[in-house]
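This report concerns only the one structure given below.
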Amino acid sequence: MSNPSLGQPPSMNHPSLGNYAPVDPPTAPSQPSKVAYFYDSDVGNFAYNAGHPMKPHRIRMAHSLIMNYGLYKHLEIYRAKPASKYEMTQFHTDEYVDFLQKVTPDNMEGFSREQSKYNVGDDCPVFDGLFEFCGISAGGSMEGAARLNRGKCDVAVNWAGGLHHAKKSEANIVLGILELLRFHPRVLYIDIDVHHGDGVEEAFYTTDRVMTVSFHKYGEYFPGTGELRDIGVGNGKYYAVNFPLRDGIDDSSYKSVFEPTIKWVMEFYRPSAVVLQCGGDSLSGDRLGCFNLSMRGHANCVNFVKSFGLPTLILGGGGYTMRNVARTWAYETGRLVGMELSSELPFTDYYEYYSPDWELDVRPSNMDNANSPEYLEKIKRQVYENLRRTLQAAPSVQMQDVPRHTMGMNETGDEEEDRLDDEEADLDANKDRRYTQRLWDQKIVREDELSESEDEEMAEAAGVRKQPGRERRRGIMDYRNPHAPGDDSGANTPASEDARSLNGDAGEEVGEMQIDGAGDERPARVVNAEVAHDLLAIKTAHPSRADDGDVSNQSEAGADADEEDHDMDVDVEDGGGPATSLPGVAGASALGTSTLPSAVAPTHHEVPPLSAVDVEGAREKEMGLREREAEDVTAEASAEIAGGRPGPPAA
């Protein structure tokens, strides 16, 4: 394959530091067609040794912000298969992988020789689930690279990846780059972690297929590598670029060296894919870092790399102040999908971590910047000269057939494709569901959609929390009939004071609206039986009046009852207490009586005083309802007296 000349090299007229704004102003960049986001919920369950500053929990915190900012609507979410032992041996020896698989905190004393050999100790400690954690971290990087290779996405994000000391105990970046090299002739690796990316540089130190560029603190600082003169050997000479920095570098200084360096690399090397390690320990205020970058200054590097439009694998890395790392990675995820997130943090499961300001921001401090303009200009000139020695043309790679499957994997290319993109199989297995978990994770909401997700339960299960003060989407249970009686009411009408009758008319008073007695909690049938017993006693005490069929007397009695103050309610003194109302008096009037002896007067609960509201229509309807109820009770009582014979006709 021939390599076209790059023409004239970039000009040596380096821009002065004063011409650079601290960060690029927020814009609305064009959204990539697809952004694949890899997350495994188990990653937050791992923990390094007590006192170790590395906390995998920060990845879970970042994911919670990503979900509750609504970014999941613009992402294809995947849970990658953890890298297997055979996949890890693409870079590591079998002995090293066996050691990682077997060693635990309980038996580590028996592996003292291996710990010394593989440099496992304080910086890269042994902890429970070490091999599983490495598998999750590497699996997301490898599957992200695989989707980039097949054009399934433009950007792949794996915040659990990016542990760049791969020669020791983590191997995800190298494995991801090896996967990209199956399809891409040249891969560019960029590292903005405060620590030097020693493991990745060492892995590709002798090849020109991968160019490594690292911006890091150098000088009595872990891991002690990354000098300006470390440029590679053999075929890889000048393909390792190191930019050593000093304490306190701020946004404007970092931008002044990062952007021109990456621009020169793109012009000279012409990579076909990019891997960007976004270590959060270069942020201001990090527990182990010594730089002074703000959240937006850090994200400016992501924006600049994304602007070249190459297939890009975005990885996490270091970062030991959890709340700042989570903020920054969530913000950078938003920038990758073309969204500028609000500074007000949404409510999440980890909201208390972000006190006292609860804002999406990492501000720089007032620490001194030890990187003088003269020092930075000197390093830039030397880096440029090294890049010119790459023969001013991109390295050639002989074209060959791409292997059908990844090294160490016992599956064909078709099987691997099914594993990465099995939506149809997922649908066939879940025909009874509108959205499967996989389809929900991969769904990207269109800008012209008017409604939110139709499956709020699935969103809540994925970590999306209801935001205080934010109006939720209204459902069918939010539209209720305000005039309907309560479900748990045993009465024929609502029991509340401001409730309405079944016909929609307001009642005068609680006691007046309740047929079965005010506040009487007994079943209506029991109360009616007591009324029937009282009527039977009346009939026995006054047989002449009960048997008299004079309709005129009955009408007069009914008229007299109508003139009572309480509308056919008979006042009965209960032991000198307040007057009570006896339901069913209309039936008693029909029998020719309007009063009851105190001996047979039923006991009822106290009725509250009448209200000032007097609705004549409700009163008339209530009177008619009482008369019909009394007639039914009277007929039933008469039938019982006569041994089943029908009672006297109602008046």
[X] atom [atom1], neighbour heavy-atom count above 12 within 6.0 Å:
X      : atom1 : value
Asp368 : CG    : no
Glu344 : CD    : no
Asn366 : CG    : no

[atom1]-[atom2] distance between [X] and [Y], expressed to the nearest 0.5 angstrom:
X      : Y      : atom1 : atom2 : result
Ile249 : Asn371 : CD1   : CG    : 4.5 Å
Ile177 : Thr212 : CD1   : OG1   : 8.5 Å
Met211 : Arg270 : CE    : CZ    : 13.0 Å
Trp329 : Ile314 : CH2   : CD1   : 12.0 Å
Lys263 : Met266 : NZ    : CE    : 12.0 Å
Ser64  : Ile59  : OG    : CD1   : 14.0 Å

inquiry  = Please evaluate residues Tyr354 and Leu65 with respect to the criterion side chain to side chain contact (heavy atoms under 4.5 Å, CB included), reporting the C-alpha separation (whole Å), side-chain torsions for both, the decisive distance (0.1 Å), and the verdict.
reply    = CA-CA 11 Å; Tyr354 305 103; Leu65 285 177; 3.4 Å; yes
task = Among Tyr39, Phe38, Tyr72, find the one that has a ring-ring contact (aromatic ring centres under 6.0 Å, His included) with His63.
result = Tyr39
Pair [X]-[Y], side-chain donor/acceptor within less than 3.5 Å:
X      : Y      : value
Ser284 : Asn292 : yes
Tyr189 : Asp191 : yes
Glu332 : Asn303 : no
His196 : Asn242 : yes
Asn369 : Ser253 : yes
His216 : Asp193 : no

key: Check against salt bridge (charged side-chain N to carboxylate O under 4.0 Å, His left out), Lys81 and Asp40   = CA-CA 9 Å; Lys81 179 182 73 68; Asp40 191 315; over 6 Å; no
On a heavy-atom basis, which atom in [X] and which in [Y] lie closest, and how many Å separate them?
X      : Y      : result
His298 : Gly280 : NE2-CA, 4.3 Å
Ala36  : Tyr78  : CB-CE1, 3.8 Å
Lys380 : Ser256 : NZ-O, 3.3 Å
Gly161 : Ser137 : CA-OG, 3.5 Å
Cys278 : Val302 : SG-CG2, 3.8 Å
Ser342 : Tyr69  : O-OH, 2.7 Å

Can you find a pair of side-chain heavy atoms, one from [X] and one from [Y], that are under 4.5 Å apart?
X      : Y      : value
Gln277 : Ser214 : no
Phe243 : Thr261 : yes
Tyr350 : Arg60  : yes
Asp286 : Val194 : no
Val305 : Leu276 : yes
Asp247 : Phe291 : no
Val274 : Leu313 : no
Pro271 : Leu310 : yes

Does [X] come within less than 4.0 Å of [Y], counting only side-chain N to carboxylate O?
X      : Y      : result
Arg335 : Glu340 : yes
Asp251 : Arg296 : no
Asp154 : Lys34  : no

task = Answer yes or no for Lys255 and Phe258: cation-pi contact, defined as NZ/CZ to six-membered ring centre under 6.0 Å and angle to ring axis within 45°.
result = no
Between [X] (side chain) and [Y] (backbone), is there a donor-acceptor pair under 3.5 Å?
X      : Y      : result
Arg327 : Glu359 : yes
Trp358 : Tyr351 : yes
Arg209 : His184 : yes
Tyr320 : Leu288 : no
Tyr269 : Asp208 : yes
Thr321 : Asn324 : no

Stepwise side chain to side chain donor-acceptor pair (under 3.5 Å) test for Asn158 and Ser141 = CA-CA 6 Å; Asn158 178 30; Ser141 300; 3.1 Å; yes
ask   = Quick check, are the ring centers of Phe304 and Phe308 under 6.0 angstrom apart?
value = yes
ask   = Using the benzene-type ring in the case of Trp, are the ring centres of Tyr218 and His195 under 6.0 Å apart?
value = no
request  = Evaluate the criterion side chain to side chain contact (heavy atoms under 4.5 Å, CB included) for residue pair His74 and Tyr37; output intermediate values, then yes/no.
outcome  = CA-CA 10 Å; His74 309 279; Tyr37 171 78; over 6 Å; no
message = Walk me through whether Phe215 and Ser282 qualify under side chain to side chain contact (heavy atoms under 4.5 Å, CB included).
response = CA-CA 10 Å; Phe215 300 84; Ser282 53; over 6 Å; no
task = Assess whether side chain to side chain contact (heavy atoms under 4.5 Å, CB included) is satisfied between Asp361 and Tyr331, documenting all intermediate values.
result = CA-CA 9 Å; Asp361 197 10; Tyr331 179 78; over 6 Å; no
